[in-house]
Amino acid sequence: MMNRNVEEIIVRHIKELSEEKGRLLPEVTKDQSIMEDLNLTSMQISTLVSCLETDFGVDPFATGEIGLMDVSTVGELCEIYEDALRKKN
């Protein structure tokens, strides 16, 4: 079960990054592809991960076990951060 707080924070950042490029996203769902459905660039995804590291205090990609490009959907990104937060605590 997805932590609602993690999902809300990730969705908020995705919407903010899209708005900075002049695109309003009415809805972001866990099944949407980050690059294809939401059209985030690799630079925006890097910015997203940086913002999430600041918010959550973890970087699940730092170990190299999971590559950022291995993550395709919003739901997968949420699960990765939830897992990292569980391991941190």
| query | How long is the gap from CD on E20 to CD on Q44, to the nearest 0.5 Å? | reply | 8.0 Å

| query | Out of curiosity, does L40 fall in the hydrophobic cluster containing M69 (side-chain heavy atoms, cut-off under 4.5 Å, transitive links)? | reply | yes

| Can you name the nearest heavy-atom pair linking L48 to H13, along with the distance? | CD1-CB, 3.4 Å

| query | SG/C78 to CG/N5 distance, rounded to the nearest 0.5 angstrom? | reply | 10.5 Å

| task | Report the distance from atom OG of S46 to atom CG of L17, rounding to the nearest 0.5 Å. | result | 10.5 Å

| request: Supply the atom-to-atom distance S72 OG to Q32 CD, rounded to the nearest 0.5 angstrom. | output: 12.0 Å

| Set of side-chain hydrogen bond (donor to acceptor under 3.5 Å, both in side chains) partners for N39, sequence neighbours left out | none

| said: With a 4.0 Å cut-off on N to O distance, would you call E19 and R23 a salt bridge? | reply: no

| field | Minimum-distance pair of heavy atoms, taken over all atoms of L38 and I34 | value | CB-O, 3.4 Å

| request: Please tell me if the side chains of I45 and M35 come closer than 4.5 Å, counting only heavy atoms from C-beta onward. | output: yes

| said: What's the separation between atom CZ in R12 and atom CD in E8, rounded to the nearest 0.5 Å? | reply: 9.5 Å

| field | Verdict with reasoning, V58 to L85, per side chain to side chain contact (heavy atoms under 4.5 Å, CB included) | value | CA-CA 7 Å; V58 295; L85 288 168; 4.0 Å; yes

| message | How close do D31 and D37 get, counting heavy atoms only, and between which atoms? | response | O-OD2, 4.3 Å

| message | Tell me which one of D59, T47, L77 satisfies side-chain contact (heavy atoms from CB on, under 4.5 Å) with L52. | response | L77

| message | If we ignore hydrogens and angles and just use 3.5 Å, is the side chain of E36 paired with the main-chain N or O of S33 as donor and acceptor? | response | no

| message | Testing the basics here: between P60 and Y81, what is the closest heavy-atom pair and its distance to 0.1 Å? | response | CD-CE2, 3.4 Å

| message | Quick check: closest heavy atoms across I66 and F61, and the distance to 0.1 Å? | response | O-CD2, 3.4 Å

| query | At what distance, to the nearest 0.5 angstrom, does CD1 of I10 lie from CD of E7? | reply | 8.0 Å

| message | I need the minimum non-hydrogen distance between S18 and L25, along with the two atoms involved. | response | OG-CD1, 3.1 Å

